[in-house]
Amino acid sequence: MLVEKVNIVGFRNLKLVAIETKASVNCFYGKNGSGKTSLLEALYFLSRARSFRSNKRNHLINSDESYLAVAASLEQSGSHKLGLDLDEKGNSRLKLDGEILNRLSEGTAIFPVQLITPESFDVFFSSPKARRGFLDFGLFHVEHDYQKCWSDYHKQQKQINALLKLGNADTKELTFWYRGLVESANLVEEFRNGFIENLLQPILDELTENLKNKETVELLKAIKVKYKSKLFDATEDLDKAIQHQIFKDQRYKQVGFGPSKADILFTQNGEDITNKLSRGQSKMLFYLLEVGMVRLVKKVSNKNMLLLIDDLPSEVDEFTRETMLEMLLNSEAQVFVTGIESKIAMEFKKYTNSVNVFHVEHGTIKPENMEQLCP
Ligand SMILES: Nc1ncnc2c1ncn2[C@@H]1O[C@H](COP(=O)(O)OP(=O)(O)OP(=O)(O)O)[C@@H](O)[C@H]1O
């Protein structure tokens, strides 16, 4: 998939945007508040029908307008146009080649995007939910049956948590529900374990081996991704084990095992290393993970993702930055990247000729001549 054109109407301060983005790397530079993040947000919105920085979708509509529309022309076995609009009443339509699609969530499969923002690096230090989300996103794209299995588990877990909160369900009723929950929890755990061991880790190792700098290779090679699950303990008879679990969960008024309690660890010689990495190293590891995921999706499901990068990290040394660029270009994904200065385009130009540069100013986006920036 290649995003060939982007058209935007009334999205935050982007009143009218029409740009050609055929290059592998599209760089958007401009002052603070000019509209760079809004552009990435608009593309993210097209893919996932929601924003990554606001829960209220009507905040996305330009304050002088009553609706917004985002469209992208995609090259993927032919040319296709995907568009999503939203009016002030909250009505949205997702269209592919002029036909309205049934569900807004279909955008993610047609137009998969992966986003990196300055906040993304918190994934190592924030709650396990963010780390599980990273894993699930990859799984949704490569394992056809995972989505159903994941939502079955969540529905059951929600239902049981509600019963535990009310506290009026008898053990017989709960036992019935727990049998189903144990089964779907085990399925989700199997998917996640298999994904890390058989797909993600091998691709990270392959990516690391191909990096130029030997020191980085040594550091990243030693880091392993581990899935830490809180499995249901069924060493004894299943129904007996369920009774024990129900007894415990009734005290805490929530299910105390399964995929919602799991975490993803990053280890070296079996030890968690997230608190030992420097900020620069954790950024490098994060880029490796994102790029690994993009490569994985391409390898398994032949889907090209679009990588949206808001603010390529500037507070890292030159070597770390170069390693990040090298990884990004190894991803084979199309990249949309923002920065304050036009020099980001020149940095990419050192590695590839397929670079576009755009100046973003007061909500307008204009292409600039690459030759003039770096003769
Ligand atoms: N609904 C809206 N209508 C009009 N303008 C909006 C709306 N929502 C946000 N804005 C404005 O859009 C502008 C663009 O913000 P954006 O975050 O895209 O800038 P940016 O170029 O990424 O800045 P930075 O470099 O500081 O991250 C801001 O000035 C903001 O106040």
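Start at 1 and go down the list; that is how both ligands and their atoms are numbered. Nothing here was measured: the structure is a model prediction, and the numbers come from that model. Keep in mind that the numbers below use all heavy atoms, side chains included, and drop hydrogens, waters and symmetry copies.
- Between Val337 and Leu312, the shortest heavy-atom distance links the atoms CG2-CB, 4.1 Å.
- Applying the ring pair (Phe, Tyr, Trp, His ring centres under 6.0 Å) test to residues at least two apart or on different chains, none of the pairs has a partner in residues 209-230.
- Under the side chain to side chain donor-acceptor pair (under 3.5 Å) test applied with Arg53, the options Glu41, Glu119, His59 reduce to a single match, Glu41.
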Open item on the list: If you apply the rule side-chain contact (heavy atoms from CB on, under 4.5 Å), what do you find for Gln114 with Phe137, and how did you get there?
Closed with: CA-CA 9 Å; Gln114 190 75 316; Phe137 179 77; 3.0 Å; yes
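- A 6.0 Å sphere centred on NZ of Lys5 holds no more than 12 heavy atoms belonging to other residues, nucleotides or ligands.
- Under a 3.5 Å cut-off, the side chain of Asp87 and the backbone N or O of Asn91 do form a donor-acceptor pair.
- Within 4.0 Å of ligand 1, protein heavy atoms come from Arg12, Asn13, Lys31, Asn32, Gly33, Ser34, Gly35, Lys36, Thr37, Ser38, Arg53, His59, Ile61, Asn62, Ser63, Ile340.
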